[in-house]
Structure formats: structure tokens, C-alpha cells
Amino acid sequence: MKHAFILVLITFCFQLKGYAGNFDQYFDKKSLRIDFILSGNAEFQTASLLQLRQEPTWGGPVKNLIDQFYYGGYYVNIYDPKSNQLIYSRGFNTLFEEWRSTEQAQSETQAWTNSVSVPFPKSTVVLDITARNKENMQFESILKMNIDPTSIFIDRGKLTDHPITQIQYKGDSADKIDLVFLGEGYTDQEQEKFIADAKRFTESLFKTPPFAAYQDDFNVSAVSLISEESGTDFSGKGIFKHTALNAGFYTFGVDRYLTTPDMKSIRDAVWNVPCDAIFILVNTETYGGGGMYNFYAIGSADNARTIEVFVHEFGHSFGGLADEYFSSEVAYDEEYYNLNHEPWEPNITTLVDFNSKWKDMLPTNTPVPTPLEKPFSDKIGVFEGAGYMSKGIYRPADHCMMRDLVPFCPVCSRAIVRMIHFLSDREY
Ligand SMILES: [Zn+2]
């Protein structure tokens, strides 16, 4: 009985940690890029394969192959079919997932392009892309198939070689977090401005805690993309610009929500550069941006509050952080979070499973929920109002980068540091 228990325990630990350190057994240091369509509406979604590509670099971890954060609306899982062992996994979110919460998704069915990259397998593997069911928060398979790495149906061709400027190089990409800036709405004559903007954003990121203490863990590069026209789309004002990545304001009808649905062009732009995180700099003065976890972050380059917006959006895309504000205009049709379940983001809670969040960081004798008054209001607490909802959902501090663009609260900072450790192949 005891032996059985130990065996179960060992098996459990193995599954939790995956085959840490066994990258070479299963993978080459190249990427398998998987482009797929997500289609559906508020009620359902399905996934279909669009293309497979072999790409020349792998910038992700080589030890932390199994993602145990369980952030995001989706997971990409790779299994060894011989042992059924999970050998790689990573969570992510998509803009399509947000769209499914809008009023439009009540009456329309749409198809959106998405893309994930995994390390390139040495032999046949099973790909399983799963999506989180908001009714029970569990992941369900939406695209499952065998992938033979020698298949003639994998595109191994080159794409356009865009100029790559290394803004900061701190070491081998396997041990470092590779942050890539992409220029959107910069014409041929504006490429120097793009590099200057990317350098300015890099400097500001590493002046911001907790990133400031981890500058040596990041490689930063900038990929120069030439847009035919300067600026970006304002569809609500009838302004459309011919640009490299098809970005625009008025996402889901919200004037300051700046995104692009064109994931294929984004992944084409980074095909030959190691890439853990993408930030799209949009050549405009208008306030706005967006960020989806392990998808991309995007923001305007020249607004007065640009630097704070950049760090806020990077908090979403890099740290998996939720918005802590609750009174602003958003496009979501109903309550964005299901109050019957604990949300996956580390910096908000419905108190359904608060133990899994920042309970260990609460000062002793802090009431839960925490009243917004002295002596509690300037410490870590459980304050009502977050995630676009004023009731039933709680944030860890009254003020934070994820609410009103002041420094990150300690809970958000801890989540960011854990992600830095994960992506730089340390214990997290
Ligand atoms: Zn926070």
C-alpha cells in the first residue's frame, strides 16, 4: 500500500514537473509554429488547423517545459504518444476569447486566426489544444492531432527577412526572456523613430519595479516593419491606414481599445527571431492599447501616458494580470467573470478559492473582504471591485498599475517575478 502511494506520488510529481531537463530527448532547438482558426460565437467555439511551419529559432524555456500557472483561456499541450507523457505545455489567451463576451457574439459567428509556437519535435507527437469552459473553468480539447515532424505538409520555407536591431543582449535565449518590439504604422522614412521608440520603452520598462531588478534576464530586439502609410486605423471615425499589422482603435467598438486581429502577420514578422513576448508599438499619439496573456501587448508610441500604458498592457500579456479597475467603459456584454468560480488571473479573486491567491501575503488581522479605510486601505487587502465589476470580485490593493497606472501592487509584482523565473528556466 505504501509502495503504491509512493509510486502515485512519484508519478504525480513527474506529471507536475514534466520532463524538466530532457529537452534534447524530444525536441530540437527550432520552433513548430501552429496557425489555427478559432471560430464560433458566444455559445460555442471550434478550432481548425491552418498551417504548420518549421521556424529556425526557439527562444522559450528548455527546462521549464510544463506550464503550471494554468493562466489563460487556452492551453497547447504536446504528448509523447508512446508513453502518453505530457512533454510540453503552455497557457495563452486570445482576442477571440474576449470577443466571445461582446454583444456582437450573441448574434454573429466569426473566425479568427491564432498561432502558437512549440519546440520542434524529433519524432511524432500528439498536439492537443484545449479551451477553458467558463461554466466550470476546466479545459476541454478543441483540436487534437498527430504531428509527424518529417511530414511534407510542414512549411519549411523562409519568410521576409526584416531588419532586426538588438537593443539589449544578455545571453543565450534559452536562459533569457526574449522581448521583441514590432513597429506598426511606421513608414520607410520613420524607421529610425521606431528604433528610438523601442529603446525609450525598453529603458522605461527597466526603471519600473519589479522589472528593474531583472534587467539582466531579458534580451530585447526590435523588428523593423515598413508600413505603406503612417499611423493606424480609427474605424469609428472612418480612418483606415495601410499598415504592416492591420492594427486599429475601436476594437469591439471601444474608441481607445487598440488591437490587431492579424496574428498571422505578427508571427510572420518574428519567424526568425527568438521570441517569448511581443510588444507592438503603434505610431500614433492617441491614447490606447491592449494586452492578452502570452499573445501580444500593443500600445501607442507617442501619447503622454504611453509609458504607463505600455507597462500596464505588458502586465496583461507577460504576467497574466487582470485589470483591477471596475468603473471604466468596456465592451463586454455581461459580467466578464463568472462569480461562481475562481478566475485564473493571479491578482483578482471571487473568494471561491482565495487560498490559491494572495492569502499568504495578507497582514495578520486583515478582515476579508477588507474595508477601504485606515489602517487597511494602504496595505495588501481584499478590496471589492475589480475586473470591470464593482461587486463580488476583489483586488489586492486599492491602487496598482493594473487599476490606475501607479506602481504594481505587491501581489502583481510577485506574479511578474514568478513569470520571469519560469521563462528564464529557474524554479518558480
Ligand atoms: Zn495589482
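Order of appearance sets the numbers: ligands from 1, and atoms from 1 within every ligand.
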Can you give the donor-acceptor pairs under 3.5 Å from side chains of residues 370-382 to other protein atoms, not counting sequence neighbours?
residue	atom	partner	partner atom	Å
Thr370	OG1	Pro367	O	2.7
Thr370	OG1	Val382	N	2.8
Lys379	NZ	Pro375	O	2.9

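Atoms of the protein (N, O or S only) found under 2.8 Å from the Zn ion (ligand 1) are Glu324 OE2, Cys400 SG, Cys409 SG, Cys412 SG.
Using a 4.0 Å cut-off between charged side-chain N and carboxylate O, Asp268 and Lys264 make a salt bridge.
Ala111 meets the side chain to side chain contact (heavy atoms under 4.5 Å, CB included) test with Ile37, Ser39; sequence neighbours excluded. For Phe92, the ring-ring contact (aromatic ring centres under 6.0 Å, His included) partners at least two apart in sequence or on another chain are Tyr74.
Less than 6.0 angstrom separates the ring centroid of Tyr71 from the ring centroid of Tyr293. You'll find the ring centres of Phe279 and Phe310 inside the 6.0 Å limit.
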